[in-house]
Amino acid sequence: MNLKEVLRNTIKEAVKSTYEVELPEVEFQPTRKDFEGDITVVVFPMLRYVKGNPVQIGQQIGTYLEKTVDAVSSFNVVKGFLNIVIDDSFYLDFFNGIKDRADYGYVTNASSEAILVEYSSPNTNKPLHLGHIRNILLGYSVAEILKASGKKVYKTQIVNDRGIHICKSMLAWQRFAPIGNDDKRETPNTTLNPHLTKGDKFVGYYYVQYNKEYKRQLKKISENAQIEFKELVEEAKISGKWDFINHENPNLLRLQKAFQSAMTEYLSVELDMNPSELKTKDNYISDFTLTENSKQDQEILELKSRFRGISKKFNFIEGNIKNLSNKEEKKIIQICLKHIEQVVEIFESAKEMLRKWEAGNTEVVALWKKMNQWVYDGFDVTYNNLGVDFDKLYYESDTYLLGKDVVADGLEKGIFYKKDDGSVWIDLTDEGLDEKIVLRSDGTAVYMTQDIGTAIQRAKDYTDIGGMVYTVGNEQDYHFKVLFLILKKLGFSWADSLYHLSYGMVDLPSGKMKSREGTVVDADDLMEDMTTTAANISEELGKLEGYSETEKLGLYQMIGLGALKYYILKVDPKKRILFNPEESVDFQGNTGPFIQYTYARIQSILRKAEAGEQEFDIESLKSLRLHEKEKELIKQLQLFPETIQLAAENYSPALLANYTYDLVKEFNSFYQQVSILGELNQDKKVLRVQLSKKVGEVVQSAFKLLGIEVPDRM
RNA sequence: GGUGGCAUAGCUCAGCUGGAUAGAGCACCUGCCUUCUAAGCAGGCGGUCCUAGGUUCGAAUCCUAGUGCCAUCACCA
């Protein structure tokens, strides 16, 4: 039984004996620094059950505790706060009990039910960036924390290896990759571009090439269309016939069609009508037939003119969408872009390639395998540098067809329903959500179908699964709400323990990161920058004499990564992070390197301490007073196990990061105010050495859960 | 427009289930390396906890309304 429980029971006893009432709960808090004491009991909540003066009640309880509980040495009451002073011997006993436990804080007997933690889950058409880094660090850390809290954990990801995105890279490579002396197109191994030898960078480069070509074609269509339009006008002037609405110019037709469908989409969203409904309004196509008396017709007219006005701004030149301040303009231009994409040749070709892939075309599949493998080789390097791993990988190409049977099954059970066009939906309006599609009318799977299938597959693969954690950005909150509800309705036992580890976006000062617009912070580059910064600072301080160059490099990486990881993990997951690459991550104050530094300091002391300084005589120490800083340190150490549990319950590495910072801050204060090796009393000296050692161990344990290593020197 | 999230010092963030005078770091100012690593320590400056109501012994924390920012509401993934 820990001290809090003893106190709680005794306080209830005290109240019962003096006031004859049963207290349901006792509220504790750490005593504030400006009052004497270690633990404070708040008397106010008791007033609901005990009538009287809070100060008097506090006095009575305090007296009772002082008499009954050995660990309580004295107390004082300020207003409604009963401050209890705990005897030094209690802290000494406590420390003596944990000092040799290497796994202090961890719960080691794993529960029988396992939790599966999914994180990273990238697309395979481009390299990892800062956004992925947050995802990966969070997922990895939460997995480690859950493990330490006594859960069995499987780490996994689902690799998004199929779809139009990878086909775009494949197509661009086929078209644009230079051919070498061996008569073959360049590969990451043969490329002459030093930036592309890493496979994911290589494939990402061709994704960019695709987009360049796409924009080129778009621009050309636009220019041609303008010329052709002028020609039509000239012709009309001569012939006098202005009805070229019905011309047959293919370029113009394609564009018109695209804008027309863009407008339809815009109107249907704005008016909350579905497109077919909109089309049945016979007045939809031409303004002339609108009645103008109907309110809705007027609204349509207004929206149409707004759409036309804004879509004129669409100039096809390198998307500056993000610079548009007007929300509506941005929306309309985006819809236009989406529809116009459909009429560009290279997009058609990419879609064709995807069709071939789905049909199992051997050539396409071989290319797909080859390019994905390049990406995986590249990802492995990044994962390795980040120091994270996975127990099992799932590939979307294996799982995207899963789930259809489940949908069919659910349809039979009446959980889903079929619309006239054959698409399958679930009605979640009772839960306050909308209707959601789970199968397209052509019978193909949507994202949701696949996620249902994958979840079930995982539960089959790991029969001991009791829950799953999905590390995915908060932009998908709605998706997971729906997914979990569906799985619950399907009646799976583990469906109650699904958790969406939803985190805020990483924003740059310039706004959101967009890979298509090239405003991303590359993961590899970032790690390298951090290492360089660490190296510069280290060299300036020059404390590493005797280290070889490789040792130094390893240390710089450790510190640079420590800075980056801590910087990201110390923030509450659900909050967004503003990352300013210009100002780079700090190495002082509440940072990873500061904590690593303290660890190195401790190791330095331990190296200097003599071999015999392992055991102290606890009884003789009890006759001496603990230094205030020693006591504070022990108190902070005491919190470690519950902090791990709290971090696990909340899926929040930030709680652990902040705990570690507090511990280390307390230690540095102790270190600078109290002499450790210079202490004359042998027992005290050993106690301080042991205390330092334990702090070092806890720092190391805590940082391990954050995926951060600690150095012996720095 | 509907739904969800966020809003705390100039900046970046803590603040556990409501508790004492709201805390750190960075930046700025003042001290401290002849003794265990100064990536440190000690101190100073800095607050309308977005706004307005409410709940109660007590609200940064809970409730309601409003404001601002972000996300989401596709037979996209």
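What you see is a predicted model, and the numbers here were worked out from it, not measured in a lab. Order of the sequence lines fixes the chain letters, A, B, ..., with proteins taken first and strands second; residue numbering starts at 1 for each chain.
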>> For nucleotides 38-45 of chain B, give me one character per nucleotide, 5' to 3': B if any protein heavy atom sits under 4.0 Å from the base, S if the only such contacts are to the sugar-phosphate, - if neither.
In response: SBBSS---

> Quick one: is A:Arg32 getting a side-chain N or O under 4.0 Å of the B:A20 phosphate, OP1 or OP2?
Replying inline: yes

> Planes under 30° and centres closer than 5.5 Å, is that true for A:Phe35 with the base of B:A20?
Replying inline: yes

> So what stems show up for RNA chain B if we need 3 or more Watson-Crick or G-U pairs in a row, all under 3.5 Å?
Replying inline: B:1-7 with B:67-73, B:10-13 with B:23-26, B:28-32 with B:40-44, B:50-54 with B:62-66

> For A:Phe347, what residues pass the ring-ring contact (aromatic ring centres under 6.0 Å, His included) criterion, not counting sequence neighbours?
Replying inline: none

> Can you pull the ring-ring contact (aromatic ring centres under 6.0 Å, His included) pairs that have at least one residue in residues 655-675 of chain A, sequence neighbours excluded?
Replying inline: A:Phe594-A:Tyr661, A:Phe640-A:Tyr659, A:Phe667-A:Phe670

> A:Asn372 and A:Thr124: side-chain hydrogen bond (donor to acceptor under 3.5 Å, both in side chains), yes or no, with the steps?
Replying inline: CA-CA 6 Å; A:Asn372 269 337; A:Thr124 60; 2.8 Å; yes

> If only side-chain N and O atoms of A:Arg440 are considered, is one of them under 4.0 Å from the OP1 or OP2 phosphate oxygen of B:C76?
Replying inline: yes

> salt bridge (charged side-chain N to carboxylate O under 4.0 Å, His left out): which pairs involve residues 569-579 of chain A, sequence neighbours left out?
Replying inline: A:Asp507-A:Arg576, A:Asp572-A:Lys574

> Are A:Phe44 and A:Phe81 close enough, and set up right, to give a ring-ring contact (aromatic ring centres under 6.0 Å, His included), and what steps lead you there?
Replying inline: CA-CA 8 Å; A:Phe44 294 114; A:Phe81 298 95; 5.7 Å; yes

> Given the C1' atoms of B:C69 and B:C28, what is the spacing between them in whole Å?
Replying inline: 29 Å

>> Taking only the P atom of each, what is the distance from B:A27 to B:U12 in whole angstrom?
In response: 15 Å

>> If I take atom CD1 from residue A:Ile158 and atom CG from residue A:Asp451, how far apart are they, to the nearest 0.5 angstrom?
In response: 7.0 Å

For nucleotides 6-9 of chain B, list the nitrogen or oxygen atoms of the protein found under 3.5 Å from its nitrogen or oxygen atoms, one pair per line.
{"from": "B:A7", "atom 1": "OP1", "to": "A:Lys575", "atom 2": "NZ", "distance (Å)": "3.2"}

> Do A:Tyr556 and A:Glu539 have side-chain atoms, one donor and one acceptor, less than 3.5 Å apart?
Replying inline: yes

>> Tell me whether the side-chain N/O atoms of A:Lys608 come closer than 4.0 Å to OP1 or OP2 in B:U37.
In response: yes

> B:C76 P sits how many Å from A:Gln476 CD, rounded?
Replying inline: 16 Å

